[in-house]
Structures are given as C-alpha cells and as structure tokens.
Amino acid sequence: MQKILIIFAHPASHKSKINRRLIEGLKTMDGITICDLYEKYPDFFINVKHEQRQLIENDIIIWHHPLYWYSCPALLKEWLDLVLEHGFAYGRNGTKLHGKKIFNVVTTGGDSSAYNHPGKNQYSIKQLLAPFHQTALLCGMQYLPPFVVHGAHKYDSVKVRLDITKYQQIITGLRDNVFNEESIASCNYLNELITGE
Ligand SMILES: Cc1cc2nc3c(=O)[nH]c(=O)nc-3n(C[C@H](O)[C@H](O)[C@H](O)COP(=O)(O)O)c2cc1C
C-alpha cells in the first residue's frame with residue numbers, strides 16, 4: 001500500500017463549496033494524511049522540519065488547491081519556497097524526494113472549455129501547472145497528470161458528488177497500485193482513469 005500525503009491549501013475553506021467536500025470525502029480513508037496548510041499555519045510560519053518529515057514518510061504527494069490567478073494560493077507557494085530546501089529536495093545531496101510521485105488536484109472557476117484551445121484562456125491547465133511539473137522533476141520526482149474539477153462558478157451538487165466519488169476512486173486506486181503506469185501517463189487529467197471522459 002502506498003502512503004499518500006495531501007498538502008491542502010485553501011485560504012477560506014469555511015466558504016469553500018468544492019474543495020472542502022473533496023477533502024472531507026477522504027478523511028476516513030486508510031493510508032491518507034491530510035495536511036491543511038491554512039489551518040496549521042494561519043500566520044504563515046511553516047514548520048519546515050515537520051513538513052520535510054511528512055514528505056519523507058509518504059510515497060505519493062498531492063498539491064491540492066483551487067486555481068488562484070492561474071496558480072496556487074500564497075501559502076502553498078510559501079510552502080514550496082521553504083520546504084523544498086537545497087540539500088533536502090535538490091542539489092548534490094538533496095535526494096530525499098527521489099522516486100516519489102506527485103501531482104496537483106485543482107479546482108477552477110472557469111469551465112473546461114475556457115482551458116481548451118480556442119477557449120477564453122490562452123493556456124491549458126497542464127501548461128499553467130508547468131512550474132509545479134518542473135519543480136517535481138528538479139526534485140527527482142515523478143509528476144503525474146492533474147486531477148481537475150472545472151466549473152466551480154456554476155455549482156452543481158450532483159456533479160460535486162460525482163467529483164467526490166471520482167477523487168476517492170483515484171486516491172484509493174493510487175494507494176492500492178491499481179492503475180498501470182501507461183494508462184496514467186496517457187491521461188490529460190487523472191479523472192480519465194475512472195470514466196474515460
Ligand atoms: C483570488 C482568486 C483567484 C481566482 N483565480 C482563478 C483563476 O485564475 N482561474 C479560474 O478558473 N478560477 C479562479 N478563481 C475561482 C476559484 O478557482 C474557485 O472559486 C474555486 O476553485 C472554487 O473552489 P471552492 O468552492 O472550494 O472555493 C479564483 C478565485 C479567487 C478567490
């Protein structure tokens with residue numbers, strides 16, 4: 001069984017309609033640790049050694065956040081800046097994360113059509129996530145396609161329930177090594193592993 005660490009960043013999770021529910025759907029699962037950054041570090045003083053220990057103890061890491069200005073909320077950026085230290089995550093002796101898997105779970109206000117050519121935005125989600133992808137590669141990690149929930153501005157409770165179930169299935173599938181590497185690599189979004197959508 002793979003141990004999974006979810007680094008969750010939402011600055012106002014009490015107001016969240018999507019992410020809070022996605023996270024709640026995972027809370028009782030075995031082998032999953034949820035690290036709610038804004039709950040743990042409301043003053044932005046991140047305990048770097050603790051975060052590094054958590055990374056070492058887990059096999060799969062997830063950066064889970066809403067898309068804010070085509071990127072992540074500020075505290076996740078702070079986490080990247082502080083936790084992925086030279087000599088720990090990268091550099092000649094910085095090999096602690098080598099071989100681990102990592103990916104983003106992202107919710108967007110915009111519909112999927114806004115992120116597909118010729119949509120409203122010039123870039124796709126995968127293009128926008130390039131800094132995360134490259135960060136993972138520099139740290140010797142395997143970067144998987146993202147799990148994405150689009151269209152948060154048009155809240156639909158039935159769709160949210162389906163997304164919660166799909167997220168649970170992805171997480172259990174990764175934890176239990178159910179998916180083969182080729183099918184993961186061929187996805188645009190990990191969502192496709194469940195429905196072929
Ligand atoms: C500061 C801020 C920036 C945002 N930037 C984007 C954006 O760049 N693209 C987008 O599609 N949605 C954007 N949104 C919408 C959020 O992604 C959306 O509200 C969120 O995914 C909904 O999840 P929640 O219900 O868990 O809060 C932004 C929202 C806020 C508050």
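Order of appearance sets the numbers: ligands from 1, and atoms from 1 within every ligand.
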Practice item. Identify which of Leu67, Asn19, Leu128, Val106 has a heavy atom lying nearest to atom 16 (C) of ligand 1. Key: Leu67

Point to revise | Atoms in ligand 1 flagged as close to Tyr70, the criterion being non-hydrogen separation under 4.0 Å | key: 7 (C), 8 (O)

Review point. Backbone or side chain, does any N or O of His153 fall under 3.5 Å from an N or O of ligand 1?
Key: no

**Study point:** Criterion side chain to side chain donor-acceptor pair (under 3.5 Å) on His150 and Lys159, from CA distance to verdict
**Key:** CA-CA 10 Å; His150 284 298; Lys159 181 175 177 299; over 6 Å; no

Practice item. Report the nearest protein non-hydrogen atom to atom 21 (O) of ligand 1: residue, atom name, distance rounded to 0.1 Å. Key: Thr107 OG1, 2.5 Å

Review point. In ligand 1, which numbered atoms sit nearer than 4.0 Å to a non-hydrogen atom of Lys17?
Key: 24 (P), 25 (O), 26 (O)

Review point. In terms of atom number and element, which parts of ligand 1 are under 4.0 angstrom from non-hydrogen atoms of Gly110?
Key: 10 (C), 11 (O)

Practice item. Run the numbers on His133 and Phe103 for ring-ring contact (aromatic ring centres under 6.0 Å, His included), then give the verdict. Key: CA-CA 8 Å; His133 187 167; Phe103 62 98; over 10 Å; no

**Study point:** Pro66 N/O to ligand 1 N/O under 3.5 Å
**Key:** no

Check your understanding: Is there a heavy atom of Tyr115 sitting under 4.0 angstrom from any atom of ligand 1?
Key -> yes

Point to revise | Which residue and heavy atom of the protein sit nearest atom 18 (C) of ligand 1, plus the separation | key: Gly109 N, 3.9 Å

Exercise for review: Report yes if some N/O of Trp69 lies less than 3.5 Å from some N/O of ligand 1; otherwise report no.
Suggested key: yes

**Study point:** Pair Lys166 + Glu192, salt bridge at N-O below 4.0 Å
**Key:** no

Practice item. Working to the nearest 0.5 Å, report the span between NZ of Lys101 and CD of Gln2. Key: 5.5 Å

Exercise for review: For ligand 1, indicate whether the residue His10 contacts it via side chain, backbone, both or neither (heavy-atom separation under 4.0 Å).
Suggested key: side chain

Review point. Does the ring centre of Tyr123 sit less than 6.0 Å away from the ring centre of His117?
Key: no

Point to revise | Glu57, CD atom: more than 12 neighbouring heavy atoms under 6.0 Å | key: yes

Exercise for review: Would you sort out whether Asp81 and Lys77 count as a salt bridge (charged side-chain N to carboxylate O under 4.0 Å, His left out), showing the intermediate values?
Suggested key: CA-CA 6 Å; Asp81 294 348; Lys77 181 61 170 62; 2.8 Å; yes

Check your understanding: Are Lys17 and Tyr155 in a cation-pi setup, meaning NZ or CZ lies under 6.0 angstrom from the ring centre and within 45 degrees of the ring axis?
Key -> yes

Check your understanding: Quick one: does ligand 1 sit under 4.0 Å from the side chain of Ala152, the backbone, both or neither, non-hydrogen atoms only?
Key -> side chain

